[in-house]
Engineer: 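Take a look at this one; I'll ask things after.
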Amino acid sequence: MREQLEKLKLEALSQIKNASTKKELQEVRISYLGKKGPITEVLRGMGKLSAEERPLIGQVVNVVRDTIKEEIEQKEQKLEELEVEAKLASESIDVTLPGRPIQIGAKHPLTAVIEEVEDAFIGLGFSVAQGPEVEIDYYNFEALNLPKNHPARDMQDSFYFTEELLLRTQTSPVQARTMEQHQGKGPVKIICPGKVFRRDDDDATHSHQFMQIEGLFVDENVRMSDLKGVLDAFVKQFFGADREIRLRPSFFPFTEPSVEVDVSCGICKGQGCRICKHTGWIEVLGAGMVHPRVLEMSGFDSSKYSGFAFGMGVERLAMLKHDIDDIRHFYTNDMRFLAQFKRV
Ligand code: 2U9
C-alpha cells in the first residue's frame, strides 16, 4: 500500500510538472484529489485495514495528499505569473513604429468663399452683420418694398410657418433690421452672409436652401459711382486683378435704379467660350441704389441719405471659381468632392 501511494505521488508530481495551462492543472487536481480519485479511494478503504496499519497508512496518505496539493498550488501560482508575463509582452508598445496617418479635414468650399468675400469687404470698411433665419413678414418683404400683393410673396415660393412667419428668402431683412437699429443715423456699412430658403425643386443650378451675401452702404452722398468702385475692387480681389465689371439695367423692388453686374470671363478673356456662353461676360451680382421708400421705412431721411445695396449667391461664386457643374455637390457631403478643397 505504501509503495502504491509513493508511486501515485510520483505520477501526480510528474503530471503537475507537465501541466502547461491552468485547465490541465485543474484536470490533474480532479483526477488525483477529486471524489472519484485514488486518494479518496484509499481513504475509503482504510476501514478494511488492521488497527496497527491504519494510523501508519493514514499518515502516508495525508503526506501524499498534502504534497500533491502543495505542488498544485505552487504550479498554479507559476502559471498565473507566466500568464501575466505573456499578457504584458503581447500588449507592449513598439514606440519606434511609425504613427497612423491622421485624416485632416478642410474648410467647406462655401465657408472658404464666404471668408474670402468677408475679407475683401472688411478691407473696404464694411462690418459683418447677422440675423435670424426664421423671419417675420415685415422684415422679409414689407420693409423691402415688397407689398402684400407682390408676386414674390406667393405662398408657393416661400416656406411659411404661419401667415406672419417664414424662412427668410434673402438676407435683406438683416439690413432692414440694422438700419432700424441705427435710428436714422448713418453711416451703415455692412455685409450679411447667411442661409436663405426658397420653395424650388432642386436641380443642377437650383437649391431650396442656399447661401447669399448681401451688402448695404447708407450715408450722405452715396452715389452709383461708389457702388461701381466698391464692386470693381471686390471683383478684382476675389477673381483676379485682370477682371473687369460691367453694369446692365435691371429691376428689383428694393433698389432704384437697379443693375445686374457681369464680370469679364477669366477663361477666354472676353473672346467667348463655353463658360461665358460665348458672350465674354458672366453674371455674378445684382445691385442698385436703395429705394427711397426702403430708406424711409427703416427710419432714414431719404432727402439727406442715400445708399447702395448688392447681393450675390455664394454657391454661384464657388461654382465659377472652382468650375463646379452641380450645386447639389455642396450639400451631399461626398468626401471625393470635399477632399479636393484640402490645402496641402
Ligand atoms: C436693403 C435694401 C436693398 C439687396 C440686393 C440684389 C440686388 C440681388 C440676388 C443676387 C443673386 C440674390 O442670391 S441671389 O439670388 N440679389 O440681385 N440684392 S440688391 O438689396 C437690398 C437689401 C436690403 C435694406
Engineer: Start with the C-alpha gap between Phe310 and Phe121, add the side-chain angles, then the distance that decides, and say whether ring pair (Phe, Tyr, Trp, His ring centres under 6.0 Å) holds.
Structural biologist: CA-CA 12 Å; Phe310 54 88; Phe121 281 102; 5.0 Å; yes

Engineer: What is the minimum heavy-atom distance between Val230 and Leu124, and which atoms define it?
Structural biologist: O-CD1, 4.0 Å

Engineer: Looking at Ala204 and Arg328, what are the two nearest heavy atoms and their distance?
Structural biologist: N-NH2, 3.5 Å

Engineer: Report the hydrophobic cluster partners of Leu56, with the cluster defined as I, L, V, M, F, W, Y residues connected by side-chain heavy atoms closer than 4.5 angstrom, directly or transitively.
Structural biologist: none

Engineer: What is the ring orientation for Phe330 with His108, classed by angle as parallel under 30°, tilted 30 to 60°, or perpendicular over 60°?
Structural biologist: tilted

Engineer: Could you give all pairs that pass the salt bridge (Lys or Arg N to Asp or Glu O under 4.0 Å) test and reach residues 280-291, with sequence neighbours left out?
Structural biologist: Arg248-Glu283

Engineer: Hey, can you pull the donor-acceptor pairs under 3.5 Å for the side chains in residues 40-54, sequence neighbours left out?
Structural biologist:
unit_1: Thr40; atom_1: OG1; unit_2: Gly34; atom_2: O; d: 2.8
unit_1: Arg44; atom_1: NH2; unit_2: Lys35; atom_2: O; d: 3.3
unit_1: Ser50; atom_1: OG; unit_2: Glu53; atom_2: N; d: 3.2
unit_1: Arg54; atom_1: NE; unit_2: Met46; atom_2: O; d: 3.4
unit_1: Arg54; atom_1: NH2; unit_2: Leu49; atom_2: O; d: 3.1

Engineer: Could you report the tightest heavy-atom contact between Gly186 and Phe300, atom names first, then the distance?
Structural biologist: N-CE2, 3.6 Å

Engineer: Would you sort out whether Lys87 and Glu91 count as a salt bridge (charged side-chain N to carboxylate O under 4.0 Å, His left out), showing the intermediate values?
Structural biologist: CA-CA 6 Å; Lys87 195 158 186 271; Glu91 285 174 4; 3.4 Å; yes

Engineer: Can you pull the salt bridge (Lys or Arg N to Asp or Glu O under 4.0 Å) pairs that have at least one residue in residues 284-305, sequence neighbours excluded?
Structural biologist: Glu220-Lys304

Engineer: Looking just at side-chain N and O atoms, do Asp201 and His206 make a donor-acceptor pair shorter than 3.5 Å?
Structural biologist: no

Engineer: Filter on salt bridge (Lys or Arg N to Asp or Glu O under 4.0 Å), then keep only pairs touching residues 110-139, sequence neighbours left out; what's left?
Structural biologist: Lys107-Glu115, Glu116-Lys321, Glu135-Arg177, Asp137-Lys148, Asp137-Arg153

Engineer: Under the salt bridge (Lys or Arg N to Asp or Glu O under 4.0 Å) rule, what pairs show up with a residue in residues 57-71, not counting sequence neighbours?
Structural biologist: none

